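Below is one structure, written out as structure tokens; comments come after it.
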Amino acid sequence: MSNSPAQISKAKDMNYARFLTAVSAARRASPIRAMIISLAGGAPNPDTFPFKSASVALNDGTSIDIGETLMKKALQYSATPGVPELVSWLKDLQKQLHNPPTLTYSPDKGQMAMCVTTGSQEGLSKVFEMLVNPGDNVLIDTPTYSGTLAAVKPLGCNLIGVPTDQHGIVPQALKEILSRWKPEDVSVPEKKSPKILYTIPNGGNPTGASLTTERKIEIYKIAQEYDLIIVEDDPYYFLQFNKPWAPSFLSMDVDGRVIRADSMSKILSSGLRIGYLTGPKPLIDRIILHMQASTLHTSAFTQVMILQLLQKWGVEGFLEHIESVIQFYRSQKDAMLASADKWLTGLAEWHSPTAGMFLWLKIHGVQDTHQMIMLKAISKEVLLVPGSAFNIDSSEPSSYVRASFSLSTPEQIDQGLERLASLIVEEIK
Ligand code: PMP
């Protein structure tokens, strides 16, 4: 749909080796996984398995059927990057949605490559393990998704929080942080200039914030100046409320410096665990080597089930489904905003989220919401999480609360925010 904006021109060729941890650089292809003929691969005989076929009923009254031959494939080991037909379907989707400039590059120059992961969380944690050494400086949206913090913090790096507002990362703040280094420090490892920038560009978890096109262009240019890999964690891409959707970092990636994590969790199923990484081949290949030593591949049955659905729908049907999911979240968001106006005016402030499933509330007169939420609000609803859970240092106080509008009915949302209002009044009296 979109392509690299005219304002961005290609920097010099990427040196991908610069970004790898020693562990990642040491990974080698499994000689057995590389073999195509499965006689040598230790594959069991699926005729001995108890499962025969499957039929999954869909909400629209139709079904997807996994017949005996396909079932054998679904029960067998498969290729590490994903069931080939699914990878190919997803590649077409990425072309259609993002049209990355790297599509036409040669493999060693950062050609777009993909792999299916067990949810985007698996992909992201492997991306961090590939790129982050102990002692590295890592740039990260603040506040941010607690699952990301759980994946990066144990790597022993120094997380540098990049301030955000309702439009995501503030480019000026990013520039200020990076002004501690000179662009030429990039070639001096001891200077430890940051090598990666992690961001949630749409419907941020927890803030609900989305980066604008202008900001993305500015941030991409900063990444070029300081030779940063951008880790674009975008599980709420398909939950953007307003059209046209902002172009992704992937769509403007003239250099091959973006690794994008997509997820089916918010649109098809979170339990099936399907995500996919898209990025320059030299880096995606390293992730695949890591998978060869861990999961081998995402569940083939899950992949086949998703593939059958996507092939039945086609891209058009898939996007139609997404439209219905967006409609649901949009009306949930509107219900939450109406209840927030009704109960929280004067007690809290917020911005209307442009994507995703969260409203980020700044509570007036409450220094730290942790006690209030954990001790008093936990009673019935899973609606609220204290803001400190999304701080790099979760012991730091936060006057924010994350309210989710995904699971509750508008009535429950209304009751939840009424109860929050009374808790705030109790707390500040
Ligand atoms: N990134 C963000 C920002 C998320 O909010 C989530 C899910 N809550 C994930 C990644 C992981 O999603 P999954 O592994 O289910 O694709």
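We count ligands from 1, going down the list as the structure has it; atoms in each ligand are counted the same way. All values reported here derive from a predicted model rather than from experimental measurement.
Considering both main-chain and side-chain atoms, Thr118 never comes within under 3.5 Å of ligand 1 through any nitrogen or oxygen pair. Between Glu122 and ligand 1, no N or O atom pair is found at a separation short of 3.5 Å. Annotation: Tyr198 places no N or O atom under 3.5 Å from an N or O atom of ligand 1; distance criterion only. For ligand 1, the polar-atom distance check against Gln121 finds a nitrogen or oxygen pair separated by under 3.5 Å.
Between His321 and Phe238, a ring centre-to-centre spacing not shorter than 6.0 Å is recorded. Phe128 and Tyr198 have their aromatic ring centers within a separation under 6.0 angstrom. Ring pair Phe318/Trp89: centre-to-centre distance below 6.0 Å.
Interface of Arg273 with ligand 1, defined as ligand atoms under 4.0 Å from a residue heavy atom, comprises 13 (P), 14 (O), 15 (O). Atoms of ligand 1 lying under 4.0 Å from at least one heavy atom of Ser263, given by number and element, are 13 (P), 16 (O).
By the 4.0 Å heavy-atom criterion, Met264 is excluded from the residues contacting ligand 1.
No cation-pi contact links Arg286 to Phe19, judged by a cut-off of 6.0 Å to the six-membered ring centre and 45° from its axis.
A salt bridge does not link Lys195 to Asp227: none of the charged nitrogens lies less than 4.0 Å from a carboxylate oxygen.
Among the candidates Gln224, Lys109, Lys10, the single residue satisfying the side chain to side chain donor-acceptor pair (under 3.5 Å) test with Asp255 is Gln224.
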